[in-house]
Amino acid sequence: MQWIASPEKDTATVTLEKRLWDAADQFRANSGLKAQEYSGPILGLIFLLFAEVRFTTQRAKLKKAGTSARRGSRVDEPAAYHAESVLYLAPEARFDYLLTLPEGEDIGAKVNAAMRAVEKHNPRLDGVLPKTYNLFTGTLLKELLKKVSEIPASADYDAFGRIYEYFLGEFARTEGSKGGEFYTPASIVKLLTEVIEPFHGRILDPACGSGGMFVQSARFVAEHQKNPAAELAICGVEKTDETGRLCRLNLAVHGLEGDIRHGGHVNSYYDDPHAATGKFDFVLANPPFNVNAVDKERLKDMVGRGRRFPFGLPKPDNANYLWIQLFHSALNATGRAGFVMANSASDARSSEQEIRQRLVEDRAVDVMVAVGPNMFYTVALPCTLWFLERGKAETPRADTVLFVDARHIYRQVDRAHRDWTPAQIGFIANLVRLYRGEDLDLTHGGSDAETKLQEVFGESPAYVDMPGLCKAATLDEIEAQGWSLNPGRYVGVAPGEEVSDEDFKEQFETLSEELETLNAQARELEETIARNVAEILEA
């Protein structure tokens, strides 16, 4: 199925984003710093502006309440702000104070002091905020403060969040693969959350990067008229200290708290700081693909049922099936996981195939979604979204897996980048809901998603297999395909559609891989026969 959406965007938001990014670019050009050196300070100022908007709103409420309260005003009590998931800002830590500083002042020192004051009154941010503003001239800082202040003060919570995420994405582009390791485009994360539906419970990301998975989960809860801070318990692991601090900052921007373990020697392959096995309602992640040189000797005591690697250690020097098992083992009896994975994992052979077979036979694999190329800022390769559900064995779909081919569903943002529109995300998520027998949820995608569902699945939509789009394959069908979890093997091509060059290449690679495996088996058989013949002749 092909659905290429119009590249139209919200012009006002795009204009604002571009103006702010141009200011950041000017900052880089005039400071002589690399992106990773100036991205933190810029994000710190955007964070401070957003924190002040929320602080000011809460302060006004406290002032109003204080006029009638017996105990008097609480406008200067940090606890009165923390109770509403709002950061308390001392006078010297407020954006407006910094903005009005005269140019003759040591602005860098004042901004550093502001960041220290924020941490002092909000202990959960201790050691998180950037304090390198003394590296920049007062003129540059003054200009940047002015540009950041142009974000409309009336912008709502979500608008500020989008601008913050926009900057994370742009820094990911400029930093190349390093940036791509910690940033996942919002539209992909949005689909992950729409499918696993994290309404309430404990949520884990053991490769959490800048925390995008948590922010989108909170947004999902907020869109369903509930308080994310009350509904979600957030736990994350990030091996890079700088990125872990960015995650905590991102959570704070959105009024969230989480237990984020980062830096030092914390590494999700070897460490389990949250004692995760069997404890989580949801897992969301975009782990690094095809990592090698993991020391498997250190993992041997973690293998077996009820442990971190229940299906064994893969023999190849590739960590994909270590991550997949970590996600699976962290789920409780009814938990759901959604994660991004390299396409190669869906068809990997040998010991990885054996692990995949056990995972499928365990009835844990629920949905597989093929995603086309250019959806990530720094990587052009396609990928696959995996969805696990530990409670699936107790449902009518216990012996099936839903495969969705979404490679030809996208919006072409520019020549090199694609994403999904809200309607496309809503369509794919509700296709999964139809398969699961759940009610439609059009909170995301609205009438546009509903119209497409009716066009594909009928006026009163009900799930059926659709060539070129989706197929609910049985375990017998999956076994016949060598336990492959590649959606292209099952979904096929819609009548009247031609196989694209992209599809042909993927099919050709699959057939080449099968031929290579058969040739290897043939060589082994020839060697066995030759040995047996030699033994008979020698006898």
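Please read all numbers here as calculations on a predicted model, not as lab measurements. Side chains are part of it too, since the values below use all heavy atoms of this structure and drop only hydrogens, waters and symmetry mates.
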(request) For Asp465, check side-chain contact (heavy atoms from CB on, under 4.5 Å) against everything at least two apart and list the hits. (result)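 Residues passing side-chain contact (heavy atoms from CB on, under 4.5 Å) with Asp465: Tyr463, Lys471, Ala472.
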(request) For Thr139, enumerate each residue passing the side-chain contact (heavy atoms from CB on, under 4.5 Å) test, keeping only those at least two apart in sequence or located in another chain. (result)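 If we apply the side-chain contact (heavy atoms from CB on, under 4.5 Å) test to Thr139, skipping adjacent residues, the hits are Glu103, Thr137.
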(request) Would you please test Leu453 and Leu434 for side-chain contact (heavy atoms from CB on, under 4.5 Å) and show each step? (result) CA-CA 10 Å; Leu453 287 163; Leu434 290 176; 4.2 Å; yes
(message) Over 60° means perpendicular and under 30° means parallel, so tell me whether Trp386 and Tyr321 are parallel, tilted or perpendicular.
(response)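 Rings of Trp386 and Tyr321: perpendicular, as their planes differ by over 60°.
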Using side-chain heavy atoms (C-beta onward) and a distance below 4.5 Å, is [X] in contact with [Y]?
| X | Y | answer |
| --- | --- | --- |
| His254 | Phe214 | no |
| Asp366 | Arg397 | yes |
| Ser346 | Met368 | yes |
| Ile324 | Phe339 | yes |
| Val367 | Arg336 | no |
| Leu326 | Val283 | no |
| Val128 | Phe47 | no |
| Val404 | Val491 | no |

(request) In plain terms, say whether Arg489 and Glu477 are close enough for a salt bridge, that is, a side-chain N and a carboxylate O under 4.0 Å apart. (result)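 So Arg489 does not pair with Glu477 through a salt bridge.
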(message) Salt bridge check, Glu455 against Lys452: does any charged N sit closer than 4.0 Å to a carboxylate O?
(response)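 So Lys452 pairs with Glu455 through a salt bridge.
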Looking at [X] and [Y], what are the two nearest heavy atoms and their distance?
| X | Y | result |
| --- | --- | --- |
| Glu223 | Thr443 | O-CG2, 3.7 Å |
| Tyr490 | Phe403 | CE1-CZ, 3.5 Å |
| Phe387 | Gly338 | CD2-CA, 3.8 Å |
| Met115 | Gly44 | CE-O, 3.6 Å |
| Ala51 | Leu87 | CB-CD1, 4.2 Å |
| Thr193 | Lys190 | OG1-O, 2.8 Å |

Verify, without hydrogens or angle tests, whether [X] (side chain) and [Y] (backbone) share a donor-acceptor contact under 3.5 angstrom.
| X | Y | value |
| --- | --- | --- |
| Lys392 | Val365 | yes |
| Arg356 | Ala348 | yes |
| Arg390 | His328 | yes |
| Lys131 | Leu129 | yes |
| His408 | Ile4 | no |
| Asn320 | Asn290 | yes |

As an exercise, state the distance from [atom1] of [X] to [atom2] of [Y], rounded to the nearest 0.5 Å.
| X | Y | atom1 | atom2 | result |
| --- | --- | --- | --- | --- |
| Asp281 | Glu197 | CG | CD | 13.5 Å |
| Thr384 | Met341 | OG1 | CE | 9.5 Å |
| Ser217 | Leu284 | OG | CG | 4.5 Å |
| Asn343 | Leu485 | CG | CG | 12.0 Å |
| Leu246 | Cys208 | CG | SG | 10.0 Å |
| Phe457 | Leu431 | CZ | CG | 4.0 Å |

(request) For Asp414, look at atom CG and say whether over 12 heavy atoms of other residues, nucleotides or ligands are found less than 6.0 Å away. (result)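 Yes.
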(request) Can you spot which of Leu385, Val369, Asp419 makes a side-chain contact (heavy atoms from CB on, under 4.5 Å) with Ile188? (result)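 The single option meeting the side-chain contact (heavy atoms from CB on, under 4.5 Å) with Ile188 is Leu385.
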(request) List the steps, then state whether side-chain contact (heavy atoms from CB on, under 4.5 Å) holds for Arg418 with Ser187. (result) CA-CA 10 Å; Arg418 298 172 177 176; Ser187 65; over 6 Å; no
(request) Take Leu144 and Phe136 through the test side-chain contact (heavy atoms from CB on, under 4.5 Å) and record every step on the way to the result. (result) CA-CA 11 Å; Leu144 186 62; Phe136 313 108; over 6 Å; no
(request) Just do the side-chain hydrogen bond (donor to acceptor under 3.5 Å, both in side chains) check on Asn430 and Asp441 with the steps written out, would you? (result) CA-CA 7 Å; Asn430 279 294; Asp441 182 347; over 6 Å; no
(message) side-chain hydrogen bond (donor to acceptor under 3.5 Å, both in side chains) for Arg248 and His262? Distances and angles first, verdict last.
(response) CA-CA 10 Å; Arg248 289 166 61 191; His262 59 90; 3.1 Å; yes
(request) Starting from the C-alpha separation in whole Å, work towards a yes-or-no answer on side-chain contact (heavy atoms from CB on, under 4.5 Å) for Cys247 and Glu238. (result) CA-CA 9 Å; Cys247 176; Glu238 171 52 47; 5.9 Å; no
(request) Please step through ring pair (Phe, Tyr, Trp, His ring centres under 6.0 Å) for the pair Phe427 and Trp3, ending with a clear verdict. (result) CA-CA 11 Å; Phe427 171 77; Trp3 179 8; 5.6 Å; yes
